[in-house]
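Notes for the one structure printed next.
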Amino acid sequence: MTNNSRRRVKMMIRYRSWVTALALSAGLTATPLYAATLKVGISGEPASLSPAKIVGGVWEEDILRDIFEGPIAINAEGKIIPGMAESWDISDDGKVYTFHLRDAKWSDGTPVTADDFVFAYRYQVDPKNASNYAHRLYPVVNAEAINAGKQPLDSLGVKSLDDGKTLQITLTEPTVYFLKTLVLPFAYPMPRHVVEQYGDDWSDPAHIVVNGAFKPTTWVPNTELDTIKNPDFHAADQVSLDGVTYYPLEDKNAGIQRFRAGGLDVLRDYPAAQYPWLKEHLAEATHIAPSLGSYYYVFNLRDGEPTADKRVRQALSLAIRRDVIANQLLKGAVEPSHALVPTGTDHYTPQSQPGLDASMKKRMQQARALMQEAGYGPDNPLKLTLRFNSGDEHQRIAVAVAAMWKPLGVDVTLRNTEASVHYADLMEGDFQVARAAWISSYDDAQNFLQLLSAETNNYGDYDNAKYKQLMEQSNRELNADKREALMEQAEQLGLSDYPLAPIYTYASRNLVNPELSGWEDNALDMHASRWVSF
């Protein structure tokens, strides 16, 4: 028997013992699987496997991070490392980024070149493709004008140089946070030869060609997505897993049972309310760590909606008892929040929404007065629909908030849909009040503040010229302290208009098989499977 075989047998025995112990503690008798395939429970069904067609869910990024790679990547600790680019240079004026690409192949053996990046970025900003991430490229020369149909695609400030070995991106003006964003799906290359052959069907498992560590093979909607190791990945010799299977699990309590029975190696974002029990019974598997994420309710500011009235929005935010949600409903596994930007964001102090520092008694008095001014009260109730994506935790919070609004004369109808439908509807403005969240993929306050100015994730259609001006100034400002001051001023201005109600700051919550190596808790809660092994 070889050394590798002995290690594999030992791994199987250890894993069998661990799963059996879990099964016995749960009163279950499950038969575990031993293939070197990582089984991951994710939070929702991906809308697509195309970087240009996803709706922005963290669960989608979890998958796409495993099957694609952009100019830069993220290591196990959540730090930027070279990806498709072996190195890069930034011009002295901060506007020209030059990426020197490594020799790499698509999963069909075709070389990955700078032309694939140029094609992908043009595809993202092409208005006919309606990409949800197009705004991420707006710092690039002519990107916004192209997306608005005012400039041709070939005017985009992206070039392929040196026979496809070099990618050059030119920005309209210095944008301090731009490099950090290139870990996101909008920055991934796309295989032009496959897209042109199959059109929108190019990303189906039957046709898809990828440049990441794993390649999709089968996809049963709302059930599972299977991938195998991509032998053409540039670092394939460093990837230990044979594949990854993703299971969309919006019912996280069912996910816990599946994990205990050995059916999952990782459960992403277990219910916060289960943290005390999990910490006691599955201590080695239960991970919790500070992370950069905000959970909030967004209001629809469009004409004709009752939440277009600032007095209504302010009253609804004042009446939410964030301490009850964080400490009682969610058992202290999260921190109540009065800000959009979470505590712990680099070089930034979160700003509090006005009025939330007052006592609950004063807040309710003010909230009732505001509702009365707006024409609502117990004798003339405001009928609102509160939307949330399916999940026990979201439902419990929605029920609690509806009860908190009841004394204001608000009758709430709860509506839940699965995650991809929920966020697609939010992007269309089909809601009055809705649960939303933002988990940052890079450590910068701009990633949260852009939610009140971006075209696609600004669900409530908040529009404030001064806010946009402050954000544009901060994006150009190279002095870190001055930039921070501009962003803090923007957040204070935005929150004072009550376009949303912050509720809590996330902690990353994951159940992880203790037999896994390479899983590192990090503030971005990003965990590429290429780093994990049994």
Side-chain angles (χ1 to χ4, degrees), residues 38-44 46 54-66 70 72-81 180-185 244 246-250 252 255-256 259 264-272 274-275 278-279 285-296 326 330 332-335 337 340-346 348 350 389 391 393-394 419 423 435-448 451 457 502-513 516-532:
L38 187 70
K39 301 180 291 296
V40 182
I42 55 177
S43 298
I54 61 174
V55 298
V58 172
W59 57 94
E60 293 173 317
E61 292 187 17
D62 282 348
I63 296 172
L64 265 66
R65 189 179 301 118
D66 280 348
I72 59 177
I74 292 290
N75 66 11
E77 291 77 31
K79 305 299 183 183
I80 287 175
I81 61 171
K180 298 177 183 178
T181 69
L182 297 182
V183 301
L184 296 174
V244 184
Y246 311 90
Y247 301 93
L249 295 171
E250 294 184 349
K252 295 303 180 67
I256 292 174
F259 180 87
L264 295 175
D265 297 302
V266 175
L267 176 65
R268 299 284 269 143
D269 199 30
Y270 60 77
Q274 296 294 336
Y275 173 62
L278 291 169
K279 185 171 65 172
T286 302
H287 291 235
I288 188 167
S291 69
L292 301 181
S294 291
Y295 188 112
Y296 60 96
L330 304 183
V334 299
E335 290 291 330
S337 176
L340 174 57
V341 181
T343 301
T345 302
D346 183 50
Y348 191 82
N389 52 297
E393 186 172 299
H394 305 321
Y423 279 103
R435 177 263 169 183
W438 195 254
I439 311 297
S440 185
S441 298
Y442 56 96
D443 188 359
D444 196 292
Q446 183 274 343
N447 198 21
F448 293 91
L451 294 171
N457 300 115
I503 296 179
Y504 68 74
T505 296
Y506 272 93
S508 64
R509 305 187 302 269
N510 297 288
L511 291 180
V512 182
N513 177 352
L516 291 181
S517 299
W519 177 285
E520 299 288 342
D521 293 327
N522 60 72
L524 295 176
D525 196 21
M526 295 171 65
H527 307 278
S529 301
R530 62 181 285 195
W531 308 115
V532 174

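FYI, the numbering just counts along the sequence from 1.
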Review point. Going by distance alone, is a donor N or O of one side chain under 3.5 Å from an acceptor N or O of the other, for T343 and E335?
Key: no
Review point. Is there a side-chain contact between V40 and D265 (heavy atoms, below 4.5 Å)?
Key: no
**Study point:** Any donor-acceptor N/O pair, W59 side chain to Y246 backbone, under 3.5 Å
**Key:** no
Check your understanding: Looking at T505 and S291, what are the two nearest heavy atoms and their distance?
Key -> CG2-O, 4.2 Å
Review point. Nearest 0.5 Å, what's the OH-CD1 distance between Y275 and I288?
Key: 5.0 Å
Exercise for review: Report yes if the side chains of W519 and H287 come closer than 4.5 Å at any heavy-atom pair, otherwise no.
Suggested key: yes
Check your understanding: Between G293 and I439, which heavy-atom pair has the shortest distance, and what is it?
Key -> CA-CD1, 3.9 Å
Check your understanding: Considering the options D269, L249, V58, I63, which one meets the side-chain contact (heavy atoms from CB on, under 4.5 Å) requirement together with I42?
Key -> I63
Review point. Roughly how far apart are D66 CG and E61 CD, rounded to 0.5 Å?
Key: 12.0 Å
Review point. Do you know which two heavy atoms are closest between L267 and I256, and how far apart they sit?
Key: CD2-N, 3.7 Å
Practice item. Report yes if the side chains of T345 and D443 come closer than 4.5 Å at any heavy-atom pair, otherwise no. Key: yes
Practice item. For residues H527 and R268, determine if any side-chain heavy atom of one lies less than 4.5 Å from a side-chain heavy atom of the other. Key: yes
Study note, to complete from the structure: Nearest heavy-atom approach of R509 to P271 is NE-C, 4.0 Å
Practice item. Working to the nearest 0.5 Å, report the span between OG of S294 and OH of Y504. Key: 10.5 Å
Point to revise | Test item: L38 and V532 side chains (from C-beta on) under 4.5 Å apart, heavy atoms | key: yes
Exercise for review: Starting at CZ of R435, measure out to CG of N389 and round the result to the nearest 0.5 Å.
Suggested key: 4.5 Å
Check your understanding: Between CD of E77 and CG of L524, what distance do you get to the nearest 0.5 Å?
Key -> 11.5 Å
Review point. Roughly how far, to the nearest 0.5 Å, is CD of Q274 from CG of L511?
Key: 10.0 Å
Check your understanding: Hey, are Y506 and D525 close enough side-chain-wise for a donor-acceptor pair under 3.5 Å?
Key -> no
Revision key, fill the gap. Shortest non-hydrogen pair, F259 vs V266, comes out as CE1-N, 4.2 Å
Review point. Taking the side chain as C-beta and beyond, is there a heavy-atom pair between R65 and M526 under 4.5 Å?
Key: yes
Exercise for review: Evaluate the criterion side chain to side chain contact (heavy atoms under 4.5 Å, CB included) for residue pair I74 and I80; output intermediate values, then yes/no.
Suggested key: CA-CA 5 Å; I74 292 290; I80 287 175; 4.2 Å; yes
**Study point:** Close side-chain approach of F448 to P342, heavy-atom, < 4.5 Å
**Key:** yes
Review point. Hey, is the main chain of S508 close enough, under 3.5 Å, to the side chain of N510 for a donor-acceptor pair?
Key: no
Check your understanding: Should L184 and Y442 be marked as a side chain to side chain contact (heavy atoms under 4.5 Å, CB included) after you check the CA-CA gap, both sets of side-chain angles, and the distance that decides it?
Key -> CA-CA 9 Å; L184 296 174; Y442 56 96; 4.0 Å; yes
**Study point:** Residue pair Y295 / V334, side-chain heavy-atom distance below 4.5 Å
**Key:** no
Check your understanding: What are the two closest heavy atoms between L278 and T286, and how far apart are they?
Key -> O-OG1, 3.2 Å
**Study point:** Set of residues satisfying salt bridge (charged side-chain N to carboxylate O under 4.0 Å, His left out) with respect to E250, sequence neighbours excluded
**Key:** none
